[in-house]
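Numbering starts at 1 and runs along the sequence shown.
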Amino acid sequence: MNKRTPFLSALIVSSMILVLAGCGSPAKNDSAEPAAATVAGKDKLKIETSFYPMYEFTRQVAGDLADVHLLVPAGTEPHDWEPTPKDMAAIEQADMLVYNGAGLESWVDQVLSGSDSKGMTAVEASKGLELIPGTEEEDHDHDHDAADGDAHATEAETGHEEEPAHEHEHEHDHGAFDPHVWLSPKLAIGEVRTIEAALSAKAPEHKAQFEKNAAAYIAKLQQLDEQYTKELSGTKRKDFITQHAAFGYLAHTYGLTQVPIAGLSPEQEPSAQAMAEVVKFAKAHQVKTIFFETLVSSSVADTIAKEVGAKSAVLNPIEGLTAEDEANNLDYLKIMQANLTALVKALNE
C-alpha cells in the first residue's frame, strides 16, 4: 500500500480550507484558550472519538456534559479507515480527540502533527497500560500445550512512550504492540480511567460528575470482569481459534490461549502454511467451533470449519457496531456478555 503521508497532507490542507471558508461547522475562535471559553460557557464540550469503544467509554464518562461524536461510521472496519476533509475539520474544531492508540489508528500521529488547533486535547486511552507484542500472520506457531495466554504474546513493558513512537510503515502495521486492549474488561477499566482524568483536567468544574459517571460504569466493567473470571476458570478446554488476533488481551487476562488464523488486522489474508497449521491444530485438539467476526467476511473461518468438521460462530471484537447491532440496541457490555456466552459454550464442547 502507498505511504499515507501525501494522502493525509492533502486531507490536512483540504480540511483547513474547509475551516477557513466557513464550510460545515462555524470556525473556532482564534483566541489563546478557545477550549477554556467553551467549557466556562454554556456550550458542551465537543469530543471526537476514533471508533466505537472509545465513543462508548467517553459517552459513559461525559454524560450530558459533552457532545460525543464517532468518527468511524457504523459498519466500517476501523483498521484501514482514513479521515475525510470533513472529519479533519471536525477534529480541528473539537475540544478533545479520544483514540485508543497502540497503533490502531494509523492516521492519528500525522493528523495531530499537522493540526493548528492549540485548544484541542488528544487523549490516548491505552497509554500507561501493559501491552503485549503485536502478532504478524507469518509468525504463527500453534505448537503449544499449556493455556498460558495468547499463543503469540508475552507480557511487554508498561505503556507506550510518546504518541509519535507509533510508526506505521505499511498497511496493517500496528507497530510493536497489539492494540485490542478494550477486549479485556480489566484493561477497559484502565481506558475509562484515562478518559475520566482527561475530562476532569479539561473541565475541572465538572470533575465530581465525571468521577461519578466513571465510577458507575467501572462498577459494571468490574462485574463483567468477575463474570468472565468465574465462568472461564472451569471450562474443559482453554484454547480457541479466531479469525484474527484480536483476543490476545482477553486470553492473557483469563488464562486462555488464542489461536488466530490471521494477524492483527481482520482483512489480512493468511498464508497457505498458516491455514494448514490451524487445520492441523484444530484436528489434533478436536476443536468444534471456529470463531469469525462481524464487519468482515467469514469465508476463511468457514473454510477451516468445513475442513475440520466444526461449526462457525461469532466472537465479536467490537471494532464497530453493525446496523443490526444498532437496531437491537446492543452496546459494549451486551456484546461482551454475548462473547462470554459464546466462549463458554465453545470451551465446554
> Do Tyr228 and Leu256 have side chains that approach each other closer than 4.5 Å (heavy atoms only, starting at C-beta)?
no

> For residues Lys46 and His69, determine if any side-chain heavy atom of one lies less than 4.5 Å from a side-chain heavy atom of the other.
no

> Assess whether ring pair (Phe, Tyr, Trp, His ring centres under 6.0 Å) is satisfied between His180 and Trp182, documenting all intermediate values.
CA-CA 6 Å; His180 302 86; Trp182 64 90; 5.2 Å; yes

> Apply side chain to side chain donor-acceptor pair (under 3.5 Å) to Ser299 and list each qualifying residue two or more places apart in sequence or on a separate chain.
Ser297

> A quick test of your reading: do over 12 heavy atoms of other residues, nucleotides or ligands sit less than 6.0 Å from CD of Gln286?
no

> Go through Leu183 and Met336 one step at a time and tell me if the side-chain contact (heavy atoms from CB on, under 4.5 Å) criterion holds.
CA-CA 8 Å; Leu183 289 169; Met336 286 296 288; 4.1 Å; yes

> May I ask you to test the Trp81-Leu71 pair for a side-chain heavy-atom distance under 4.5 Å?
yes

> Would you indicate whether the side-chain heavy atoms of Tyr52 and Asp331 approach each other to under 4.5 Å?
yes

> Determine which pairs satisfy side-chain hydrogen bond (donor to acceptor under 3.5 Å, both in side chains) with at least one residue from residues 213-222, sequence neighbours left out, and list them in order.
Gln209-Asn213

> Would you indicate whether the side-chain heavy atoms of Leu340 and Leu232 approach each other to under 4.5 Å?
yes

> Which residues pass the side chain to side chain donor-acceptor pair (under 3.5 Å) test with Arg193, not counting sequence neighbours?
none

> If you compare all heavy atoms of Gly119 against all heavy atoms of Lys202, which two are closest, and at what distance to 0.1 Å?
O-NZ, 2.5 Å

> Show the nearest heavy-atom pair for residues Ser126 and Ala102, with the distance to one decimal.
OG-N, 3.7 Å

> With a 4.5 Å limit on heavy-atom distance, are the side chains of Ile47 and Leu199 in contact?
yes

> Run the side chain to side chain contact (heavy atoms under 4.5 Å, CB included) test against Glu226 and tell me which residues pass, sequence neighbours left out.
none

> Determine whether the side chains of Lys186 and Thr253 contain a donor N or O and an acceptor N or O closer than 3.5 Å.
no

> Would you mind listing every ring-ring contact (aromatic ring centres under 6.0 Å, His included) that reaches into residues 291-318, with sequence neighbours excluded?
none

> When rounded to the nearest 0.5 angstrom, what is the spacing between OG1 in Thr76 and CG in Leu70?
9.0 Å

> Take Leu333 and Leu221 through the test side-chain contact (heavy atoms from CB on, under 4.5 Å) and record every step on the way to the result.
CA-CA 8 Å; Leu333 293 173; Leu221 292 172; 3.8 Å; yes

> Taking all heavy atoms of Tyr249 and all of Glu130, pick out the closest pair and write down the distance.
CE2-O, 3.8 Å

> Quick one: side chain to side chain donor-acceptor pair (under 3.5 Å) partners of Asn348, sequence neighbours excluded?
none

> Begin with the C-alpha distance, continue with both residues' side-chain angles, and end with the deciding distance and a verdict on side-chain contact (heavy atoms from CB on, under 4.5 Å) for Met54 and Glu191.
CA-CA 9 Å; Met54 299 303 100; Glu191 294 202 298; 3.4 Å; yes

> So, do Glu293 and Leu295 sit near enough that their side-chain heavy atoms are less than 4.5 Å apart?
no

> Return each pair, listed once, that meets ring-ring contact (aromatic ring centres under 6.0 Å, His included) where at least one residue sits in residues 325-349; pairs must be two or more places apart or across chains.
Phe57-Tyr332

> Please state whether the rings of Phe281 and His285 are parallel, tilted or perpendicular, taking 30° and 60° as the class boundaries.
parallel

> Holding to salt bridge (Lys or Arg N to Asp or Glu O under 4.0 Å), I want the full list of residues that pass it with Lys306, two or more places apart in sequence or in another chain.
none

> Is any side-chain heavy atom of Ile195 closer than 4.5 Å to a side-chain heavy atom of Val192?
no

> Between Glu56 and Arg59, does any NZ, NE, NH1 or NH2 come within less than 4.0 Å of an OD or OE carboxylate oxygen?
yes

> Using ring pair (Phe, Tyr, Trp, His ring centres under 6.0 Å) as the criterion, list what pairs up with Phe240, not counting sequence neighbours.
none

> Mind checking side chain to side chain donor-acceptor pair (under 3.5 Å) for Thr229 and listing every partner two or more places apart, or none if nothing turns up?
none

> Begin with the C-alpha distance, continue with both residues' side-chain angles, and end with the deciding distance and a verdict on side-chain contact (heavy atoms from CB on, under 4.5 Å) for Leu343 and Tyr254.
CA-CA 12 Å; Leu343 276 170; Tyr254 302 107; over 6 Å; no

> Does any pair with a residue in residues 332-349 pass salt bridge (Lys or Arg N to Asp or Glu O under 4.0 Å), and if so which ones, sequence neighbours excluded?
Lys311-Glu349

> Using side chain to side chain contact (heavy atoms under 4.5 Å, CB included) as the criterion, list what pairs up with Ala282, not counting sequence neighbours.
Ile241, Val287, Val308

> Would you say Val300 and Val314 are hydrophobically clustered, going by side-chain heavy atoms of ILVMFWY under 4.5 Å?
no

